[in-house]
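Structure first, then comments.
This one's a predicted model, so the numbers in the text were calculated from it and none came from an experiment.
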Amino acid sequence: MLVKPRGQRQISALGQAGPPHAARRLPGGSGIMIAVISWSGRPWWVVGPTAGMLLGLVDSVVNHVPVVLGEGGTARAERGGWSQAAEFASLILDAGWAWAATAVLVGWLVSRHAGPASGMLRGALAGGLTLVFATAAYYGADLLFDGGEWWSTTTRFWLIGSVLLGPPLGVTGALIRLPGLTGAVAALVVPAGAALQMAVLPPPPDSRMAEPVRWSVWGAAVVVTVLVARAVHNRSAVVPSAHPSQSPLGG
């Protein structure tokens, strides 16, 4: 009877047959590379494109709900209930902070089960893919609704912006998993950015949903900030008692 060597299971391709992080035990730099390619046997690299496509498609669809309902020519404040609900979602999804938050969330998701270095690399790649696919899906859906040209100056502008801004946002998501002050600051990037945008670039005043959106975003930003502060406080209270030699914000 043939017996499969145990070592062969540990170095199986892409970690599909072996332990989730067996690749990290390989000599040299190949361990990090294989850890980046595999995510406990699951293709982590599809998370960014999937989230990006969903964001772009949903954003474009809710923008066109009034047109589909025949209220495209009606003043925003006079539209019906379904159009107002779509307006609320549209004012959130159209905001830059929401797209940034998606890239940060994806970076946080794909960095799970990864070390700091490989987690940040995953986050950078996934963050860039998220915004690139979101932009492509958004303008692709707009093309189906409105016609026109997909490869326009506006599309190229936002694709370039996605390539430049997506990776650092994805890295920010990966940094949230780090203990101490670094993770806390990274976790506050999205709520701070959302609150700032609502103050500097508020929703258009002719929309009945402008004020509800502003107060909703501000409220969510405050809640997240309080939760992050409580997490930092709880950790600073627990760590010294367990390890008196460590600083309160140490990992």
Checking the side chain of Arg79 only, and the main-chain atoms of Glu71 only, is there a donor and an acceptor separated by less than 3.5 Å?
yes

Please report the interatomic distance OG(Ser83) to CD(Glu78), rounded to the nearest 0.5 Å.
12.0 Å

Less than 4.5 Å apart, any side-chain heavy atom of Val67 and any of Phe145?
no

State whether the side chain of Thr182 and the backbone N or O of Leu178 hold a donor-acceptor pair below 3.5 Å, judged by distance alone.
no

Distance, nearest 0.5 Å, that separates CG of Leu164 from CG of Leu159:
11.0 Å

Using distance only, find each side-chain donor-acceptor pair of residues 198-205 under 3.5 Å and give its atom names and separation, not counting sequence neighbours.
none

Looking at Asp142, Asp94, Leu93, which one forms a side-chain contact (heavy atoms from CB on, under 4.5 Å) with Ser60?
Asp142

If I compare all heavy atoms of Ala98 with all of Ile92, which pair ends up nearest, and what's the gap?
CB-O, 3.2 Å

With clusters defined by side-chain heavy atoms of hydrophobic residues (ILVMFWY) lying less than 4.5 Å apart, directly or transitively, does Val213 cluster with Val65?
no

Taking the side chain as every heavy atom from C-beta outward, state whether Tyr139 and Trp151 have any pair of such atoms under 4.5 Å apart.
no

With clusters defined by side-chain heavy atoms of hydrophobic residues (ILVMFWY) lying less than 4.5 Å apart, directly or transitively, does Trp108 cluster with Val110?
yes

Output all residues satisfying side chain to side chain contact (heavy atoms under 4.5 Å, CB included) with Met120, sequence neighbours left out; order by chain, then residue number.
Val171, Ala174, Leu175

Do Leu91 and Ser207 come within less than 4.5 Å of each other through their side chains, counting heavy atoms only?
yes

Taken in chain and number order and not counting sequence neighbours, the residues that satisfy salt bridge (Lys or Arg N to Asp or Glu O under 4.0 Å) with Arg156 are none

Is a side-chain N or O of Asp59 found less than 3.5 angstrom from the main chain of Leu55, in a donor-acceptor match?
no

Heavy-atom side-chain proximity of Trp99 to Leu165 below 4.5 angstrom:
no

Residue pair Arg122 / Ser111, side-chain donor-acceptor N/O under 3.5 Å:
no

Minimum heavy-atom distance between Ser118 and Gly115, given as atom pair plus value:
OG-N, 3.2 Å

Step through the shown structure and confirm whether more than 12 heavy atoms of other residues, nucleotides or ligands are within 6.0 Å of CH2 on Trp97.
yes

Heavy atoms of Phe88 and Ser216 approach each other most closely as CZ-OG, 3.8 Å

Indicate if Val46 and Val132 have the same hydrophobic cluster label, given that clusters are the connected sets of ILVMFWY residues with side-chain heavy-atom separations under 4.5 angstrom.
yes

Check Thr102 against Ala51 and note the closest heavy-atom contact, atom names and distance.
CG2-CB, 4.3 Å

Side-chain donor-acceptor pair present, Ser162, Thr135, cut-off under 3.5 Å
yes

Tell me whether Leu105 is reachable from Leu54 by hopping between hydrophobic residues (I, L, V, M, F, W, Y) whose side-chain heavy atoms are closer than 4.5 Å.
no

Around Trp150, counting heavy atoms of other residues, nucleotides and ligands shown, do more than 12 lie under 6.0 Å from its CH2?
yes

Non-hydrogen atoms of Ala221 and Pro191 that approach each other most closely:
CB-O, 3.6 Å

For Val228 against Ala187, the heavy-atom pair lying closest together
CG2-CB, 3.8 Å

Less than 4.5 Å apart, any side-chain heavy atom of Leu131 and any of Leu169?
yes

Are Trp82 and Pro66 side-chain neighbours, meaning at least one heavy-atom pair lies under 4.5 Å?
no

Value for CH2 (Trp215) from CD (Glu211), rounded to nearest 0.5 Å, stands at 7.5 Å

Same hydrophobic cluster for Val217 and Val223, using side-chain heavy-atom links shorter than 4.5 Å among ILVMFWY?
no

Checking Leu57, Asn63, Leu143 against Tyr138 for side-chain contact (heavy atoms from CB on, under 4.5 Å), the one that qualifies is Asn63

Would Arg76 and Glu87 pass as an ion pair if we require N to O under 4.0 Å?
yes

